[in-house]
Protein chains: 2
Amino acid sequence: MKLDDIRAAAERIAATVVRTPLLPCTWADRDRPLWLKPEILQPIGAFKIRGAVNAIARLDEDARRRGVVTYSSGNHAQAVAYAAANEGIAAHVVMPASTPQIKIDNTRAYGAEVVLCGEGQREKVAYEIVAERGAVLVPPFDHPDIIAGQGTIGLEIAEDLPDVEVVLVPISGGGLASGVAAAVTALLPNAKVIGVEPELAADTRESLRAGSRVDWSVEKRNRTIADGLRSQPSELTFAHLKVHLHDLVTVTEDEIRSAMAVLAHKGRLVAEPSGAVTTAAYLYHAAELPAGRTVAIVSGGNVDPALLSDVLTRALDEE
Amino acid sequence: MKLDDIRAAAERIAATVVRTPLLPCTWADRDRPLWLKPEILQPIGAFKIRGAVNAIARLDEDARRRGVVTYSSGNHAQAVAYAAANEGIAAHVVMPASTPQIKIDNTRAYGAEVVLCGEGQREKVAYEIVAERGAVLVPPFDHPDIIAGQGTIGLEIAEDLPDVEVVLVPISGGGLASGVAAAVTALLPNAKVIGVEPELAADTRESLRAGSRVDWSVEKRNRTIADGLRSQPSELTFAHLKVHLHDLVTVTEDEIRSAMAVLAHKGRLVAEPSGAVTTAAYLYHAAELPAGRTVAIVSGGNVDPALLSDVLTRALDEE
């Protein structure tokens with residue numbers, strides 16, 4: 001990924017995507033100040049809009065007439081639906097039937113046609129729609145345009161906090177981490193980009209240790225509450241992660257829940273579990289992280305209302 | 001209030017205050033698009049930091065040595081404590097003993113000395129500290145530097161959304177509304193700035209109808225859950241409101257709670273009751289508002305965790 005590709009993406013998405021500020025945290029440790037990068041503020045509540053808008057902006061007239069299709073359990077689905085509607089393009093979104101209802105409802109509300117499918121069938125069903133309709137596939141992470149779009153977050157961090165020392169980024173399919181790490185390491189060679197995974201979906205940690213991709217079953221990855229972090233890197237994103245990632249930290253399910261409560265009570269942000277893993281790493285894994293000025297990317301905030309209430313109410317009992 | 005004073009304030013506060021983005025709401029009515037101005041993102045969780053930083057930046061060396069004092073039930077206290085600490089200045093903050101514990105704790109955490117007092121005694125106690133120590137009073141709203149600081153929100157709205165038609169702003173002491181209305185009406189003569197009050201603390205509506213300030217008792221104003229909206233305008237702020245405010249809408253306690261839940265679930269923002277009144281007006285008082293492109297200022301997010309849980313859990317039951 002070239003820096004120029006990420007810069008070009010930043011220009012393409014500027015009119016649609018919120019330029020999120022870095023938020024200084026008064027509750028951080030003094031020797032390692034923390035800023036949050038709140039991607040929950042995006043129109044669809046997650047960073048995924050950046051890659052989707054960039055990819056769709058690059059389609060030619062012919063492709064626009066044929067429409068787009070994607071497969072996603074969540075935020076990428078909403079991102080493609082929103083970005084396509086914004087450009088007046090038809091969108092089909094293939095989602096596993098197990099997807100949280102709020103994400104299905106939101107995707108439909110943005111105007112996309114949702115196609116529900118069985119677990120593990122989503123890519124197959126999406127390719128069937130590509131074959132039938134000639135629609136263009138906008139994959140969730142395995143594409144240079146998607147990686148470049150997500151990488152614009154790294155550009156903004158480097159611009160707003162050029163003396164940042166540590167950037168914490170969630171890892172699932174690796175599109176966000178690949179793009180952010182490419183941008184940050186190109187612009188700020190001394191900054192360290194560190195991935196964060198749930199312990200229950202730590203396939204990338206195992207893969208990085210092994211030096212090549214290790215496959216975890218869908219069932220195994222689906223154990224984590226962080227439903228946005230259940231994918232695995234592709235060859236393309238894994239190649240980026242091997243080169244650019246300084247380290248990787250894993251967090252427990254309890255830590256994710258606690259971090260959600262801290263973000264709500266002290267950061268005044270509603271984060272979904274996947275969006276809270278970087279804050280969990282900052283709060284509960286300080287010994288594994290370099291000291292210094294830290295940015296945590298709060299990647300998304302599409303949490304089921306019942307889960308949010310449960311997390312906040314349990315946190316009260318524990319105080 | 002001259003526009004140049006507000007512009008000068010914007011320069012003074014730029015290094016300390018977050019430049020909050022306007023957030024487009026996908027869940028808004030189609031014929032009156034809504035953007036949120038999320039002042040909850042400020043370091044102290046509320047817009048009050050703008051006025052406090054501006055006022056303290058203007059102090060001379062002699063005043064800095066003597067320190068500052070203020071009286072406030074909440075966010076202004078935290079703002080003065082934070083802004084003073086940021087400049088290495090001592091701060092005394094007089095708070096009613098009835099202030100929510102989270103706001104007392106936060107004010108102390110920012111390094112200020114908190115002086116608790118009886119209801120209705122806070123101004124008197126503050127002036128005693130001024131007399132004893134020679135400290136400089138930084139009042140919550142009744143001062144041109146405070147109004148100019150809060151007015152920077154209006155500058156930002158006009159810059160980011162020059163075709164805005166309606167700006168909804170909460171009214172308490174009137175510092176925020178005065179500054180925002182002065183900036184917006186100067187820059188965008190066709191935009192209408194509309195104040196929002198709780199029905200249970202609607203002294204300003206009554207005052208505007210009467211043409212001069214009508215006094216409501218502290219006990220009467222304290223009935224509202226919106227603890228940040230229990231003050232009344234001063235002569236200075238009321239004069240601004242009379243000139244610049246297009247209209248005023250009041251909201252019920254149930255509407256405030258419902259709007260807090262909508263902001264959390266759909267806007268992914270934690271708002272305190274005072275911060276949710278503008279969204280309540282948008283959602284539940286459309287018939288009283290002009291149509292068109294609307295901005296709602298979400299003024300603060302310092303809500304007691306137990307209240308937040310209660311509001312979100314009750315909202316689930318009602319869905």
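Numbers restart at 1 for each chain; the letters A, B, ... are given by sequence-line order, proteins then strands.
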Side chain, backbone, both or neither: which part of B:Gln42 has a heavy atom under 4.5 Å from chain A?
backbone

Sub-3.5 Å donor-acceptor pair from the side chain of A:Thr313 to the main-chain atoms of B:Ser309, do we have one?
no

Scanning both residues in full, the closest heavy-atom pair of B:Pro43 with A:Thr26 reads O-CG2, 3.4 Å

Bottom line for B:Leu269: the part with an atom under 4.5 Å from chain A's heavy atoms is both

As an exercise: rank A:Val303, A:Thr20, A:Asn302 by heavy-atom pairs under 4.5 Å with chain B and give me the winner.
A:Asn302

Lys/Arg N to Asp/Glu carboxylate O, A:Glu113 vs A:Arg108, below 4.0 Å
no

Which of these passes side chain to side chain contact (heavy atoms under 4.5 Å, CB included) with B:Lys103: B:Val114, B:Asp227, B:Val93?
B:Asp227

For A:Leu41, is it the side chain, the backbone, both or neither that has a heavy atom under 4.5 Å from a heavy atom of chain B?
both

Checking B:Ile44 against chain A: side chain, backbone, both or neither under 4.5 Å from a heavy atom?
backbone

Start with the C-alpha gap between A:Arg314 and A:Asp254, add the side-chain angles, then the distance that decides, and say whether salt bridge (charged side-chain N to carboxylate O under 4.0 Å, His left out) holds.
CA-CA 11 Å; A:Arg314 280 170 198 255; A:Asp254 280 349; over 6 Å; no

